[in-house]
Amino acid sequence: MADVVSSSEALTSVCSHCERSVPAANIDLHFAHCSRNLEKCKVCGDMIPKKFAEEHYMSTHSPVECSLCSETVDREILAVHKGENCPRRITTCEFCEFPLPAVDLVEHQEVCGNQTELCHLCNKYIRLRERNGHEIRCVGAPETTAEPSRRETRPAERERRAPPPRRRPNEFSTGRLVFTIAITGIAVLLGSLFFRRHTGKDEM
């Protein structure tokens with residue numbers, strides 16, 4: 001007998017008004033109460049008490065104006081609109097972390113990303129938009145190598161660095177020869193004048 005009762009209690013029926021499953025034995029009573037007191041929201045499909053239907057629509061689904069961009073959106077998606085879709089929402093530049101409206105972000109980052117900063121590892125100036133990739137690939141500044149030996153120096157550099165050839169002892173330049181003759185002439189002239197003076201004094 002208990003088994004029969006259990007099986008009868010397990011039978012359910014679907015209410016044609018709220019589309020919920022209720023025990024078959026209570027379907028008539030449930031439908032009468034449901035159709036008299038509840039109505040389905042045309043927007044979200046929830047069953048709302050008839051006396052709160054207008055309040056539900058105004059607080060949940062009525063269009064509202066976004067305080068940032070003045071666009072009209074459903075109230076239930078206002079928070080998502082302000083956080084993800086509003087063109088006037090505040091965003092941050094990925095390069096300089098400056099806060100600005102989303103509508104201006106692309107133009108700002110186009111300029112900001114082309115600025116450069118010094119990499120302290122390799123001492124090169126890197127564009128901000130290439131900074132992340134550069135940091136992954138950068139291996140630092142190459143070690144300074146010693147000055148190449150004379151064998152490794154190119155012929156043109158050897159000629160440029162080579163000291164001028166020394167003169168041989170017997171080689172005289174034209175300028176040096178003229179200078180020597182001039183000094184000799186002056187010495188002879190001074191000697192001649194001195195000799196004449198000395199001779200004049202002896203005759204007196």
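Pairs passing the ring pair (Phe, Tyr, Trp, His ring centres under 6.0 Å) check and including a residue from residues 54-84, sequence neighbours excluded, read H56-H61.
Side-chain atoms of R89 come within 3.5 Å of backbone N or O of E84 as a donor-acceptor pair.
For the atom pair OG1 (T116) and CG (L128), the distance works out to 7.5 Å, reported to the nearest 0.5 Å. The CZ atom of R131 lies 13.5 Å from the SG atom of C138; values are rounded to the nearest 0.5 Å. Separating the CZ atom in R88 from the OG atom in S67 is a distance of 12.0 Å, to the nearest 0.5 Å. If you take OG on S62 and CD on E54, they are separated by 10.5 Å, rounding to the nearest 0.5 Å. Note that NE2 of H17 is 7.5 Å distant from CZ of F31, once rounded to the nearest 0.5 Å.
V22 and I27 make their closest contact through CG2-CD1, 3.3 Å (heavy atoms, listed as atom of the first residue, atom of the second, distance). Nearest approach of L78 to C66, heavy atoms of both residues: CD1-CA, 4.3 Å. The heavy-atom pair separating L118 from N123 by the smallest distance is CD1-C, 3.5 Å.
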Below 3.5 Å, can you tabulate the donor-acceptor pairs from side chains in residues 39-53 to any protein atom, sequence neighbours excluded?
from, atom 1, to, atom 2, distance (Å)
K50, NZ, S35, O, 3.1

Under 3.5 Å, which donor-acceptor pairs link side chains of residues 95-115 to any protein atom two or more places apart or in another chain?
from, atom 1, to, atom 2, distance (Å)
Q109, OE1, E94, N, 3.1
N114, OD1, R129, NE, 3.4
N114, ND2, E110, O, 3.0

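Residues N132 and H134 fail the side-chain proximity criterion, which asks for heavy atoms closer than 4.5 Å. Contact check for R75 versus P63: no side-chain heavy atoms found under the 4.5 Å cut-off. Contact of the C18 side chain with the H30 side chain is registered, since non-hydrogen atoms from C-beta on lie closer than 4.5 Å. Contact of the S21 side chain with the S13 side chain is not registered, since no non-hydrogen atoms from C-beta on lie closer than 4.5 Å.
For E117, the CD atom sits in a packed shell: over 12 heavy atoms of surrounding residues, nucleotides or ligands are nearer than 6.0 Å.
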